[in-house]
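Read the structure below first, then the notes.
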Amino acid sequence: MCKESNRAYRLGSDKKKTRSNARIGYRSPSKRSGGAIVTPVAGTTRDRRECIGRVGGTTFRLVDTAGVDGEKIDHAFGKQGKHSMDGAMIRQTMEAAKQSDLVLLMFDARLGVTSDLAETVRWLRKLSNAGDQQQHREIVILANKLEGDRWASMDSNVLDNLAEVSRAGFGEAIPISAEHGEGMVDVAEIIDKYTLEKRQRFGLPLTNEETYKKNTDDDNEKPLQLAILGRQNVGKSTLVNSLLGEERVIAGDKPGLTRDSIQVPWLWNDRPVQIVDTAGIRRGVKRERSDEIEDLAVLDAMRAMKLADVAVLVLDAQAQYIQRQELAIADSVVREGRALVVAANKMDLVVDDEYTKHDFARAVQEQIEVRFPMLRKTPVVAMSSLLGHNVKKLMPTVFEARDRWARVMPTGVLNRWLQDVMEEHSPPSQAGRATKIKYIIQTKGRPPTFLLFCNVSELPVNYLRYLTRHFQDSFNFFGMEVRLVVKKSDKNPFGNKSNKKSFVGIGGWKGRQKRMIAQLKKTGMPTKKGKRGKRSKS
């Protein structure tokens with residue numbers, strides 16, 4: 001199985017807060033996992049969220065969907081539900097059920113069979129009867145919120161609810177407790193059973209370890225991790241749908257529609273991409289203290305940014321200028337070591353015959369350079385995701401940014417560049433002593449990090465900024481942070497390497513070891529520390 005499949009959903013280590021995180025209002029809740037957002041509020045889940053699961057040797061794709069409201073199923077594809085959020089949620093759930101081989105229908109066993117559950121059962125039965133004859137879809141009912149065994153007592157109505165739901169035609173319900181993890185063994189057995197049946201039906205091997213085996217040493221096989229970031233209602237979800245060419249995530253005019261960070265595997269020109277649509281990030285002071293969902297959504301967005309290769313910051317052309325919150329997001333992306341690409345969205349509202357898209361992109365780039373000099377010459381793509389104008393130019397720019405971000409510079413090229421810089425502008429003296437930068441090496445890429453060996457432990461901040469600016473201009477490392485680390489070194493690494501470290505005593509360490517063994521064989525006692533045995537005359 002490809003290790004990059006669930007990368008955007010992994011729980012990253014939340015280290016110390018940076019200055020940009022404080023501006024964004026990002027804080028780590030005490031209880032949080034790397035999965036979907038879970039709260040007691042009904043309707044928390046909206047989009048369908050996919051991830052790769054594994055039970056023993058069985059690997060499968062798991063899809064979490066929004067809750068089904070039976071009353072809205074009929075008009076989900078009608079005029080009323082075409083542009084509504086509830087209709088979009090139900091269409092996402094229906095699409096997930098149509099594409100699945102196994103549907104796990106969960107209901108609250110303490111409430112019993114409600115009208116929503118009955119309508120959902122009728123729709124699933126109709127879907128199974130009207131489906132393709134070559135597609136075998138199994139439906140299993142899970143009775144949730146049954147902790148322990150008190151529900152099995154005679155004075156409980158749970159048994160009546162289980163008996164009533166078993167008449168739906170999908171077999172007996174399986175009692176589970178998702179919060180406490182009870183009954184998960186039965187669910188795992190069902191998944192493994194139907195997986196084996198499908199493999200036997202298509203003549204595939206019973207284990208799929210070889211199917212998902214990837215060559216992790218080949219960087220070209222790893223998908224590009226792409227995170228779409230920005231403020232609320234700037235067109236992030238619309239951009240994702242425009243790139244994918246389908247209504248994969250819910251989009252609309254209402255701010256805050258996206259909550260979970262939705263990762264979608266995608267092939268662009270036969271190159272794998274993991275694109276992640278994130279929730280809009282507002283400042284912490286503008287959020288309601290009682291709204292835990294938005295805090296969890298921001299946490300998901302920040303996690304997707306930390307695990308991305310390239311982050312696309314979507315701007316709103318209607319604002320006329322870059323907001324302070326967008327600068328904070330850009331600062332957080334760069335300080336995290338990710339590559340940044342700016343997508344200036346909604347250009348159709350400002351571009352006309354006299355003011356072209358190139359003028360618009362140049363104006364955005366100038367605003368970024370004035371307000372954030374560290375991000376000068378950051379690639380900017382002017383587009384309209386709603387109309388699809390200029391969207392096709394985003395992905396080539398993203399891959400170029402990833403290639404620059406992962407570039408490994410030869411040591412000879414770096415030292416020739418350093419020699420030219422030193423001749424042009426040498427570092428200032430410190431404490432009456434001339435400062436010398438002896439050589440430079442690249443310690444790692446992603447982000448590009450370089451080590452400067454000097455005769456001092458620190459270099460002035462303004463000189464480091466000069467080196468960074470000159471380095472970006474020389475090697476085109478724009479839209480990312482170039483990390484220059486100073487290390488004090490009094491020795492010449494290119495000196496004579498034949499002079500090995502001498503050892504004390506005749507014969508060095510091996511000679512002392514032989515003498516200690518001889519002394520132990522002769523007297524039966526080891527040589528005392530600090531005393532040397534007399535050398536025998538031969």
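With no hydrogens or angles considered, a side-chain donor-acceptor pair links R48 and Q92 at under 3.5 Å. A donor atom on one side chain and an acceptor atom on the other are not found under 3.5 Å apart for N241 and T238.
Counting only heavy atoms from C-beta outward, the side chains of T195 and K198 never approach each other to under 4.5 Å. Considering only heavy atoms from C-beta on, L224 stays 4.5 Å or farther from R271 through its side chain. You'll find the side chain of V342 stays beyond 4.5 Å of the side chain of L375, heavy atoms only. At least one side-chain heavy atom of K357 sits less than 4.5 Å from a side-chain heavy atom of K393. Here the side chains of V113 and R167 are not in contact, with every heavy-atom distance at 4.5 Å or above. N269 has its side chain out of reach of F399: every pair of non-hydrogen atoms, C-beta onward, lies at least 4.5 Å apart. Taking 4.5 Å as the limit, every side-chain heavy atom of D348 sits out of range of all side-chain heavy atoms of L386. Side-chain contact between L162 and E172: absent, with no pair of heavy atoms (C-beta onward) separated by less than 4.5 Å.
Remark: side-chain polar atoms of D260 are not paired, donor with acceptor, to backbone N or O of I262 under 3.5 angstrom. Within the 3.5 Å criterion, the main-chain N or O of K98 finds a donor-acceptor partner in the side chain of R137. For R125 (side chain) and A168 (main-chain N/O), a donor-acceptor pair under 3.5 Å exists by modelled atom type. Side-chain atoms of W405 never come within 3.5 Å of backbone atoms of L340 as a donor-acceptor pair (strictly under, hydrogens ignored). Judged by distance alone, the side chain of D47 and the main-chain N or O of I250 form a donor-acceptor pair under 3.5 Å. S261 places no side-chain N or O within 3.5 Å of a backbone atom of T278 that could act as its donor or acceptor partner. For R402 (side chain) and L226 (main-chain N/O), no donor-acceptor pair under 3.5 Å exists by modelled atom type. No donor-acceptor pair under 3.5 Å is formed between the side chain of S332 and the backbone N or O of A328. A donor-acceptor contact shorter than 3.5 Å is absent between the side chain of T58 and the backbone of D192. Remark: the backbone N or O of S385 is paired with a side-chain donor or acceptor of N345 at under 3.5 angstrom.
Residue E246 forms a side chain to side chain contact (heavy atoms under 4.5 Å, CB included) with just one option from L243, V249, L244, and that option is L244. If you run side chain to side chain contact (heavy atoms under 4.5 Å, CB included) between L142 and each of L105, L104, D186, only L104 comes through.
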Step-by-step side-chain contact (heavy atoms from CB on, under 4.5 Å) determination, I322 to F372
CA-CA 11 Å; I322 299 177; F372 206 159; over 6 Å; no

List the steps, then state whether side-chain contact (heavy atoms from CB on, under 4.5 Å) holds for I281 with Q325.
CA-CA 8 Å; I281 303 175; Q325 178 69 359; 3.5 Å; yes

Hey, mind stepping through E119 and R122 against salt bridge (Lys or Arg N to Asp or Glu O under 4.0 Å) and telling me if it holds?
CA-CA 5 Å; E119 185 67 25; R122 283 194 292 270; 2.5 Å; yes

Show, in sequence, the C-alpha distance, side-chain angles and deciding distance for I368 and Q365, and conclude whether the side-chain contact (heavy atoms from CB on, under 4.5 Å) test is met.
CA-CA 5 Å; I368 295 176; Q365 201 170 53; 5.7 Å; no

Are E138 and D101 close enough, and set up right, to give a side-chain contact (heavy atoms from CB on, under 4.5 Å), and what steps lead you there?
CA-CA 6 Å; E138 301 292 340; D101 300 310; over 6 Å; no

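Using a 4.0 Å cut-off between a side-chain N of Lys or Arg and a carboxylate O of Asp or Glu, E50 and R248 qualify as a salt bridge. With respect to the salt-bridge test (charged N to carboxylate O, under 4.0 angstrom), the residues R335 and E481 do not qualify. Electrostatic pairing of R49 and D64 does not count as a salt bridge here, judged by no charged N lying under 4.0 Å from a carboxylate O.
Nearest heavy atom pair, residue L146 against residue A109, reads CD2-CB, 3.6 Å. Pairing each heavy atom of A173 with each of A143, the nearest pair is CB-CB, 4.2 Å. Of all non-hydrogen atoms in T39 and T44, the two that sit nearest each other are OG1-OG1, 2.6 Å. Across V391 and L239, no two heavy atoms sit closer than the pair CG1-CD1, 4.0 Å. Of all non-hydrogen atoms in K236 and G230, the two that sit nearest each other are CD-N, 3.5 Å. Annotation for Y355 and F360: closest pair OH-CA, 3.4 Å, computed over non-hydrogen atoms.
From I90, atom CD1 reaches atom OG1 of T65 across 11.0 Å, with rounding to the nearest 0.5 Å. Between atom CZ of residue F107 and atom CG of residue N161 there is a gap of 6.5 Å, rounded to the nearest 0.5 Å. Atom CE of M106 sits about 12.0 Å away from atom CG of L117, to the nearest 0.5 Å. Taken to the nearest 0.5 Å, the CE atom of M347 stands 12.0 Å off from the CG atom of D359. Atom CD of residue Q318 and atom CG of residue N233 lie 8.5 Å apart, to the nearest 0.5 angstrom. Rounding to the nearest 0.5 Å places CZ of F170 at 5.5 Å from CG of L124.
Annotation: D253, atom CG; neighbour count of heavy atoms from other residues, nucleotides and ligands within 6.0 Å does not exceed 12.
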